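Given the structure is predicted, the values throughout are model-derived calculations rather than measurements.
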Amino acid sequence: MVATPIGNLRDFSLRGIETLNESDLILCEDTRKAKVLLKEFNIKTKCKSFHEFTNQKTMEKYISYLKKGKCIALISDAGTPLISDPGYEIVKRAKEEKIQVNPIPGPSSVISALVASGLKINKFIFDGFPPRKSNELESYLEKFLFEKRTLVLFESPRRIKKLAQVSLKIFGEKRRVCLAKDISKLHQKFFTGTLKSLLNQMHKDMNLEKGEIVFLIEGTKEKAVIDEINLEILVKSLKGELPLRKISKIASKISNKTSKEIYDTFKEK
C-alpha cells in the first residue's frame, strides 16, 4: 500500500519510489494518472487498473498472483490508498490468505489538513464525503451537532458552498471551521475561521470553490441538554432498573443539573 503525492511530487518518499520499482505489478485507480507519476520517476513496472467496479474474478486473479510469491503495489490517484478510495476488499482477501500487507507511509490530505488547520485536533474523526442532497445533508450534519472531536470531510468544488451554508444552519455562525484546498500544490490555500466568516470570504474569493478540498468542523464543548419534562420521563423509566444515585449521575451528563440536584429532586417522588 504505497502513499503517493497529493500535489507536490517532491513529497514522494524514497521508499515509495523503491517499492514501485521493485514490485512485479502496480494496481491503480486510473492508469492514465498513474503513468504520469511513473514516468516522472522513471518507474517501468507494469500498471493495471483496480477500482470500485473491479469484479471478484479479477481480484481473485491478483490474490492468486500474490500467493505465487509475487509482489503487488497498490496506489490511489493521490495520497494514502484506501482513504475514501477502493482497495479494502483486496487487502481483506490478502489478510484471509495470510499474505503480508505492508503500508508504505507518505502523504495524506486528511492529516495534512488537520495539522495546518489551526483547529483543535487532539481528537478527530474522518467521515469521507457527506450526502449530496440538501435534506440528507442536514440530517447528516445534525448527528455531529454535539460532537466533541473535529470532523474531517472531503467535498467537491461544486458542492463546497452548499456544505458551508448547511453547516452554518446546523452549527451556527460562530462554529470554527477550516477549508483546505489544493494541499501542497501551487495554489494551496487554508482558510480558518467561523462559518460566517468563511461564507463571507467565499463571496469575495471564488478560488476557495476550486481544486481538491478538505473541510474541517471543529468539535464543540457544548452538550446536548434534556428539558425538564424529558428528564422526569427518563428518571422514572429507569427507576425500576437502577438505583437513583446511578440514574442521577447518568442523567446529569445530558442535563444542566448536577447529579445531586437530580437526586434531591426525585428522591421523594
K.L.:
Could you tabulate the donor-acceptor pairs under 3.5 Å formed by side-chain atoms of residues 110-126, not counting sequence neighbours?
P.N.:
from: Ser112; atom 1: OG; to: Ser108; atom 2: O; distance (Å): 2.9
from: Ser117; atom 1: OG; to: Leu114; atom 2: O; distance (Å): 2.8
from: Ser117; atom 1: OG; to: Leu119; atom 2: N; distance (Å): 3.1

K.L.:
Check the surroundings of atom NE2 in His187: do more than 12 heavy atoms from other residues, nucleotides or ligands lie under 6.0 Å from it?
P.N.:
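No - once you tally the heavy atoms of other residues, nucleotides and ligands closer than 6.0 Å, there are 12 at most.
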K.L.:
For a quick test of reading the model, state the closest non-hydrogen atom pair linking Phe144 to Phe171 and the distance between them.
P.N.:
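Phe144 and Phe171 have their closest heavy atoms at O-CE2, 3.5 Å.
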K.L.:
Do Leu82 and Ile72 belong to the same hydrophobic cluster, where Ile, Leu, Val, Met, Phe, Trp and Tyr are linked whenever their side-chain heavy atoms lie under 4.5 Å apart, directly or via other members?
P.N.:
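Cluster IDs for Leu82 and Ile72 match.
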K.L.:
So, do Lys169 and Glu142 sit near enough that their side-chain heavy atoms are less than 4.5 Å apart?
P.N.:
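No, too far: nothing below the 4.5 Å cut-off.
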K.L.:
Looking at Asp182 and Glu212, would you say the former's side chain and the latter's main chain have a donor-acceptor pair under 3.5 Å?
P.N.:
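Side chain of Asp182 to backbone of Glu212: a pair is present.
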K.L.:
Taking C-beta and beyond as the side chain, do Leu163 and Phe129 meet within less than 4.5 Å on heavy atoms?
P.N.:
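No. Closest side-chain heavy atoms not under 4.5 Å.
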K.L.:
Return a table of donor-acceptor pairs under 3.5 angstrom between the side chains of residues 26-33 and protein atoms on other chains or two or more places apart.
P.N.:
from: Glu29; atom 1: OE2; to: Asp77; atom 2: N; distance (Å): 2.8
from: Asp30; atom 1: OD1; to: Arg32; atom 2: N; distance (Å): 2.9
from: Asp30; atom 1: OD1; to: Arg32; atom 2: NE; distance (Å): 3.2
from: Asp30; atom 1: OD2; to: Arg32; atom 2: NH2; distance (Å): 3.1

K.L.:
Are the side chain of Thr45 and the backbone N or O of Leu20 linked by a donor-acceptor pair below 3.5 Å?
P.N.:
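Yes, because the side chain of Thr45 sits within donor-acceptor range (under 3.5 Å) of the backbone of Leu20.
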K.L.:
Determine the minimum heavy-atom distance between Asn8 and Pro5, stating which atoms define it.
P.N.:
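Asn8 and Pro5 have their closest heavy atoms at O-CB, 3.4 Å.
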K.L.:
When you group the ILVMFWY residues by side-chain heavy-atom contacts below 4.5 Å and let the links chain together, are Leu137 and Leu151 in the same group?
P.N.:
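Shared cluster, yes.
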K.L.:
Rounded to the nearest 0.5 Å, what's the gap from CD on Gln165 to CZ on Arg159? Could you check?
P.N.:
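Here the interatomic distance stands at 14.0 Å.
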K.L.:
Considering only NZ, NE, NH1 and NH2 on the basic side and carboxylate oxygens on the acidic side, decide whether Glu228 and Lys257 come within less than 4.0 Å.
P.N.:
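The answer is yes: the pair qualifies as a salt bridge.
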K.L.:
Begin from the C-alpha positions of Met1 and Val91 and carry the test side-chain contact (heavy atoms from CB on, under 4.5 Å) through to its verdict.
P.N.:
CA-CA 9 Å; Met1 318 301 295; Val91 171; 3.6 Å; yes
K.L.:
Is there side-chain contact between Leu37 and Ile43, with at least one heavy-atom pair below 4.5 Å?
P.N.:
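A side-chain contact under 4.5 Å is absent here.
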K.L.:
Do you reckon Ile6 sits in the same ILVMFWY cluster as Ile104, going by side-chain contacts under 4.5 Å, direct or chained?
P.N.:
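Different clusters: Ile6 never reaches Ile104 through Ile, Leu, Val, Met, Phe, Trp or Tyr contacts under 4.5 Å.
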K.L.:
Do Val2 and Val101 sit in the same hydrophobic cluster, where Ile, Leu, Val, Met, Phe, Trp and Tyr count as joined when their side-chain heavy atoms come under 4.5 Å apart?
P.N.:
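Hydrophobic grouping puts Val2 apart from Val101.
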K.L.:
Could you go through the side-chain contact (heavy atoms from CB on, under 4.5 Å) check for Phe154 and Ile213 one step at a time?
P.N.:
CA-CA 6 Å; Phe154 288 157; Ile213 294 171; over 6 Å; no
K.L.:
Sub-3.5 Å donor-acceptor pair from the side chain of Lys162 to the main-chain atoms of Arg132, do we have one?
P.N.:
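Confirmed, Lys162 side chain pairs with Arg132 backbone.
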K.L.:
Where is the tightest heavy-atom contact between Phe266 and Lys239, given as atom of each residue plus distance?
P.N.:
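Answer, listing the atom of Phe266 first, then Lys239: O-NZ, 3.0 Å.
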K.L.:
Leu234 and side chain to side chain contact (heavy atoms under 4.5 Å, CB included): which partner among Ile250, Ile247, Ile254?
P.N.:
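Single side chain to side chain contact (heavy atoms under 4.5 Å, CB included) partner of Leu234 among Ile250, Ile247, Ile254: Ile254.
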K.L.:
Does CD belonging to Glu155 count more than 12 external heavy atoms closer than 6.0 Å?
P.N.:
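Buried by this count: over 12 neighbours within 6.0 Å.
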K.L.:
Output the distance between atom NZ (Lys210) and atom CG (Asp205), rounded to the nearest 0.5 Å.
P.N.:
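Nearest 0.5 Å value for the NZ-CG distance: 9.0 Å.
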K.L.:
Quick one: are Tyr62 and Lys48 in side-chain contact, heavy atoms under 4.5 Å?
P.N.:
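Heavy-atom side-chain distance check passes, below 4.5 Å.
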K.L.:
If you measure from CD on Glu222 to CD on Glu147, what distance do you get to the nearest 0.5 Å?
P.N.:
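Separation between the atoms: 13.5 Å.
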K.L.:
Measuring from atom NZ of Lys95 to atom CD of Gln100, what distance do you get when rounded to the nearest 0.5 angstrom?
P.N.:
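That separation rounds to 8.5 Å.
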K.L.:
Could you check if a side-chain atom of Leu208 sits within less than 4.5 angstrom of a side-chain atom of Ile160, using non-hydrogen atoms only?
P.N.:
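When only atoms from C-beta onward are counted, Ile160 and Leu208 do not touch, as no gap falls below 4.5 Å.
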K.L.:
Give a yes or no answer on whether the side chain of Arg175 reaches the backbone of Leu145 with a donor-acceptor pair at less than 3.5 Å.
P.N.:
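The answer is yes, because a donor-acceptor pair under 3.5 Å joins these two groups.
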K.L.:
Quick one, Ile63 with Glu97, criterion side-chain contact (heavy atoms from CB on, under 4.5 Å). Give me CA distance, side-chain angles, the key distance, then yes/no.
P.N.:
CA-CA 8 Å; Ile63 293 296; Glu97 296 293 338; 3.9 Å; yes
K.L.:
My understanding is that only residues two or more places apart in sequence, or in another chain, count here; which of them pass side-chain contact (heavy atoms from CB on, under 4.5 Å) with Leu168?
P.N.:
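Listed in chain order: Glu173, Leu195, Leu199.
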K.L.:
NZ of Lys260 to CZ of Arg245: how many Å apart, nearest 0.5 Å?
P.N.:
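That separation rounds to 9.0 Å.
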K.L.:
Heavy atoms only: give me the nearest Leu9-Phe41 pair and the separation to one decimal.
P.N.:
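Reported closest heavy-atom pair: O-CZ, 3.4 Å.
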K.L.:
Would you say that Glu136 contacts Pro130 through its side chain, given a criterion of any heavy-atom pair below 4.5 Å between the two side chains?
P.N.:
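Side-chain contact under 4.5 Å: no.
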K.L.:
Charged N to carboxylate O under 4.0 angstrom, Arg93 versus Glu96?
P.N.:
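Salt bridge present between Arg93 and Glu96.
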K.L.:
To check you understand the geometry: which heavy-atom pair defines the closest contact between Ser197 and Phe191, and what is its length?
P.N.:
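Closest pair (atom of Ser197, atom of Phe191, distance): O-CZ, 3.6 Å.
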K.L.:
Test side-chain contact (heavy atoms from CB on, under 4.5 Å) on Lys70 and Leu25 and set out the steps.
P.N.:
CA-CA 8 Å; Lys70 300 294 184 180; Leu25 176 66; over 6 Å; no
K.L.:
Enter the distance from Leu141:CG to Leu153:CG here, rounded to the nearest 0.5 Å.
P.N.:
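Answer for the CG-CG pair, Leu141 versus Leu153, is 7.5 Å.
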K.L.:
In the single-linkage hydrophobic clustering (I, L, V, M, F, W, Y; side-chain heavy atoms under 4.5 Å), do Leu216 and Ile83 co-cluster?
P.N.:
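Yes, Leu216 and Ile83 fall within the same hydrophobic cluster.
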K.L.:
Contact between Ser167 and Ile217 at the side-chain level, heavy atoms closer than 4.5 Å - yes or no?
P.N.:
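Yes, their side chains come closer than 4.5 Å.
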K.L.:
Ignoring hydrogens, what is the shortest heavy-atom contact between Pro81 and Ile75? Give both atom names and the distance.
P.N.:
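Result for this residue pair: CG-CA, 4.1 Å.
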K.L.:
Is the closest side-chain heavy-atom distance between Leu244 and Lys267 below 4.5 Å?
P.N.:
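They are in side-chain contact.
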K.L.:
How about Lys249: does its NZ atom have over 12 heavy atoms from other parts shown lying under 6.0 Å from it?
P.N.:
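Not more than 12 within 6.0 Å, no.
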K.L.:
Is it true that a side-chain atom of Asp24 and a backbone atom of Cys71 form a donor plus acceptor pair closer than 3.5 Å?
P.N.:
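Yes, the answer is positive, given that a donor and an acceptor are paired below the 3.5 Å cut-off.
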K.L.:
Tell me if a side-chain donor or acceptor on Ser64 pairs with a main-chain N or O of Glu60 at a distance below 3.5 Å.
P.N.:
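Here the side-chain-to-backbone pair does not exist.
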K.L.:
Between the side chain of Ser76 and the main-chain N/O of Ala78, is any donor-acceptor distance below 3.5 Å?
P.N.:
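Such a contact is found between Ser76 side chain and Ala78 backbone.
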